[in-house]
Peer 1: 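Quick one: the structure is below, questions incoming.
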Amino acid sequence: MDSKKIFAKNLRQLLNDQRINAKDFSIRTGFKYTTVLDWLKGKTYPRASKLERIAEFFDTSLSALVTEESPQAIGNKNFFSAKLNTLLVANNVKQIDLHNDLGIPKSTLTGYVKGTSLPNKENLLKIANYFDVEPSQLDLRFAQSKPDPLTLIRKLDEKHFQRVLSFIEEEWKEQQKKHT
């Protein structure tokens with residue numbers, strides 16, 4: 001698919017996600033209506049400065065506007081959506097609560113909940129802090145391949161720290177027996 005068609009598809013998806021029609025989009029952004037229609041038909045492609053304005057309007061990345069989604073990106077959206085929905089239900093929180101408490105636009109949150117968009121880093125951190133979870137628990141783009149054991153140990157309270165320490169001592173003793 002050529003770049004004009006990819007952009008047209010992505011722009012249509014963003015407009016649908018936020019329930020905005022082409023006319024409203026042109027009014028709210030100051031772009032000519034006929035230009036927006038040409039973009040949506042895949043006839044023309046916006047200049048870089050306009051792409052930046054569009055990305056800012058939708059609170060998304062430039063790459064989300066101009067590239068086709070990989071299976072990994074789709075998987076990341078589904079993962080984030082599932083985790084966010086689980087947290088919302090478990091904490092009896094509604095989207096409007098997140099909007100009011102975090103200042104994230106309602107339409108942006110709808111995209112997250114439906115799995116049609118991923119948060120930028122700033123919004124991810126707001127949501128992670130709100131639910132008191134690590135960003136990597138919500139978004140695979142921030143997952144580490146292996147957690148750092150020392151970082152995990154430092155997060156333990158005294159009781160759990162002592163249990164881990166006892167376990168390590170037992171494992172070390174068993175290892176020493178095998179080597180002697």
Peer 1: Could you grab the distance from atom CG of Leu37 to atom OG1 of Thr44, nearest 0.5 Å is fine?
Peer 2: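 Here the interatomic distance stands at 10.0 Å.
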Peer 1: Counting only heavy atoms from other residues, nucleotides and ligands, does the tally under 6.0 Å from NZ of Lys83 exceed 12?
Peer 2: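 Check fails, neighbour count at 12 or below.
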Peer 1: Roughly how far, to the nearest 0.5 Å, is CD1 of Ile54 from CD of Glu56?
Peer 2: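 Between atom CD of Glu56 and atom CD1 of Ile54 there are 11.5 Å.
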Peer 1: Just wondering, are more than 12 heavy atoms of other shown residues or ligands nearer than 6.0 Å to CZ in Arg163?
Peer 2: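 Check fails, neighbour count at 12 or below.
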Peer 1: If I compare all heavy atoms of Leu15 with all of Asn21, which pair ends up nearest, and what's the gap?
Peer 2: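 Taking Leu15 first and Asn21 second, the nearest heavy atoms are CD2-O, 4.5 Å.
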Peer 1: What are the two closest non-hydrogen atoms of Leu51 and Pro46, and how far apart are they?
Peer 2: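 Where Leu51 meets Pro46 most closely, the heavy atoms are CD2-CG, 3.5 Å.
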Peer 1: To the nearest 0.5 angstrom, please state how far the CZ atom of Phe31 sits from the CZ atom of Phe25.
Peer 2: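 Result: 5.5 Å between the selected atoms.
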Peer 1: Roughly how far, to the nearest 0.5 Å, is OH of Tyr130 from CG of Asp101?
Peer 2: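 It is 4.0 Å, given to the nearest 0.5 Å.
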Peer 1: Using a 3.5 Å distance criterion without hydrogens, assess whether the side chain of Asp97 forms a donor-acceptor pair with backbone atoms of Val93.
Peer 2: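 Answer holds: no.
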Peer 1: Among the clusters formed by ILVMFWY side chains lying less than 4.5 Å apart, do Leu14 and Leu118 turn up in the same one?
Peer 2: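 The answer is no; the residues belong to distinct hydrophobic clusters.
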Peer 1: Are the side chains of Phe58 and Leu11 in contact, using a 4.5 Å heavy-atom criterion?
Peer 2: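 Touching, per the 4.5 Å side-chain cut-off.
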Peer 1: Would Phe80 and Leu124 count as a side-chain contact (heavy atoms from CB on, under 4.5 Å) here? Give the steps.
Peer 2: CA-CA 10 Å; Phe80 180 78; Leu124 173 65; 3.8 Å; yes
Peer 1: If you measure from the Lys or Arg side-chain nitrogens to the Asp or Glu carboxylate oxygens, is any gap between Glu134 and Lys155 under 4.0 Å?
Peer 2: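 Between Lys155 and Glu134 there is a salt bridge, with a charged N closer than 4.0 Å to a carboxylate O.
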Peer 1: With side chains defined as the heavy atoms from C-beta onward, is the minimum distance between Phe161 and Asp157 less than 4.5 Å?
Peer 2: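 No, side chains not in contact.
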Peer 1: Keeping Asn76 on the side-chain end and Asp139 on the backbone end, is there a donor-acceptor pair under 3.5 Å?
Peer 2: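 Flag not set: sc Asn76 to bb Asp139 has no pair under 3.5 Å.
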Peer 1: Strictly distance-based, threshold 3.5 Å: is any side-chain N or O of Lys4 a donor or acceptor partner for the main-chain N or O of Tyr45?
Peer 2: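 No; judged by distance alone, with no hydrogens or angles, the pair does not exist.
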Peer 1: State, yes or no, whether a side-chain contact exists between Leu102 and Asn123 at a heavy-atom distance under 4.5 Å.
Peer 2: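 No, side chains not in contact.
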Peer 1: For Lys106, does its backbone N or O pair with a side-chain atom of Thr110 as donor and acceptor, under 3.5 Å?
Peer 2: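 Confirmed, Thr110 side chain pairs with Lys106 backbone.
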Peer 1: Any side-chain heavy atom of Leu165 sitting closer than 4.5 Å to one from Gln162?
Peer 2: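 When only atoms from C-beta onward are counted, Gln162 and Leu165 do touch, with a gap below 4.5 Å.
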Peer 1: Has the side chain of Thr86 got a donor or acceptor atom that lies under 3.5 Å from a matching backbone atom of Ala82?
Peer 2: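 Yes.
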Peer 1: Decide side-chain contact (heavy atoms from CB on, under 4.5 Å) for Leu98 and Phe131; before the verdict, give the C-alpha distance in whole Å, the side-chain angles of both, and the deciding distance to 0.1 Å.
Peer 2: CA-CA 10 Å; Leu98 288 182; Phe131 288 110; 4.0 Å; yes
Peer 1: Side-chain contact test, heavy atoms from C-beta onward, threshold under 4.5 Å: evaluate it for Trp39 versus Lys50 and give yes or no.
Peer 2: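 A side-chain contact under 4.5 Å exists here.
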Peer 1: Just how far is it from atom CD of Gln137 to atom CZ of Phe79, taken to the nearest 0.5 Å?
Peer 2: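 Gln137 atom CD to Phe79 atom CZ measures 8.5 Å (nearest 0.5 Å).
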Peer 1: Treating Asn10 as the side-chain partner and Thr67 as the backbone partner, does any N or O pair qualify as donor plus acceptor under 3.5 Å?
Peer 2: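 Between the backbone of Thr67 and the side chain of Asn10 there is a qualifying donor-acceptor contact (under 3.5 Å).
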Peer 1: Keeping Lys77 on the side-chain end and Gly115 on the backbone end, is there a donor-acceptor pair under 3.5 Å?
Peer 2: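 Such a contact is absent between Lys77 side chain and Gly115 backbone.
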Peer 1: Would a single hydrophobic cluster contain both Leu125 and Val113, if residues Ile, Leu, Val, Met, Phe, Trp and Tyr are joined by side-chain heavy-atom contacts under 4.5 Å?
Peer 2: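 Per the 4.5 Å side-chain linkage, Val113 and Leu125 are not co-clustered.
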Peer 1: Are Leu40 and Tyr33 connected into the same hydrophobic cluster when the rule is that any two of I, L, V, M, F, W, Y join if their side-chain heavy atoms are below 4.5 Å apart?
Peer 2: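 Not linked; separate clusters.
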Peer 1: For Asn92, does the CG atom have more than 12 heavy-atom neighbours from other residues, nucleotides or ligands under 6.0 Å away?
Peer 2: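 No, CG of Asn92 has 12 or fewer neighbouring heavy atoms, counting only those of other groups under 6.0 Å.
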Peer 1: What I'd like to find out is whether the side chain of Tyr112 reaches to under 4.5 Å of the side chain of Ser81, using heavy atoms alone.
Peer 2: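 Sidechains of Ser81 and Tyr112: no contact.
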Peer 1: From Leu65 CG over to Phe57 CZ, what is the distance, rounded to the nearest 0.5 angstrom?
Peer 2: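 The CG atom of Leu65 sits 12.0 Å away from the CZ atom of Phe57.
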Peer 1: Can you check side-chain contact (heavy atoms from CB on, under 4.5 Å) on Ile6 and Val66, steps first, answer last?
Peer 2: CA-CA 6 Å; Ile6 292 169; Val66 299; 5.7 Å; no
Peer 1: Please check if any side-chain donor atom of Gln175 sits under 3.5 Å from a side-chain acceptor atom of Glu171, or the reverse.
Peer 2: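 Their side chains do not contain a donor-acceptor pair, so the 3.5 Å distance test is not met.
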Peer 1: Where do Thr116 and Gln13 come nearest, in terms of heavy atoms and distance?
Peer 2: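 Scanning both residues, the minimum pair turns out to be CG2-NE2, 4.0 Å.
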Peer 1: Can a salt bridge be assigned to the pair Lys173 and Glu169 using a cut-off of 4.0 Å between side-chain N and carboxylate O?
Peer 2: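 Looking at Lys173 and Glu169, the cut-off is not met.
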Peer 1: Taking all non-hydrogen atoms of both residues into account, name the closest pair between Lys32 and Ser26 and its distance.
Peer 2: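 Between these two residues, the closest heavy atoms are C-CB, 4.1 Å.
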Peer 1: When you group the ILVMFWY residues by side-chain heavy-atom contacts below 4.5 Å and let the links chain together, are Ile27 and Val36 in the same group?
Peer 2: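 No, because Val36 and Ile27 fall into different hydrophobic clusters, even though each may have its own neighbours under 4.5 Å.
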Peer 1: For Ile104 and His99, which heavy atoms make the closest approach, and how far apart are they?
Peer 2: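 That closest heavy-atom pairing would be O-ND1, 2.8 Å.
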Peer 1: Do side-chain atoms of Asp24 reach the backbone of Ile20 as a donor and acceptor pair under 3.5 angstrom?
Peer 2: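 Pair absent, no side-chain N/O of Asp24 close to backbone of Ile20.
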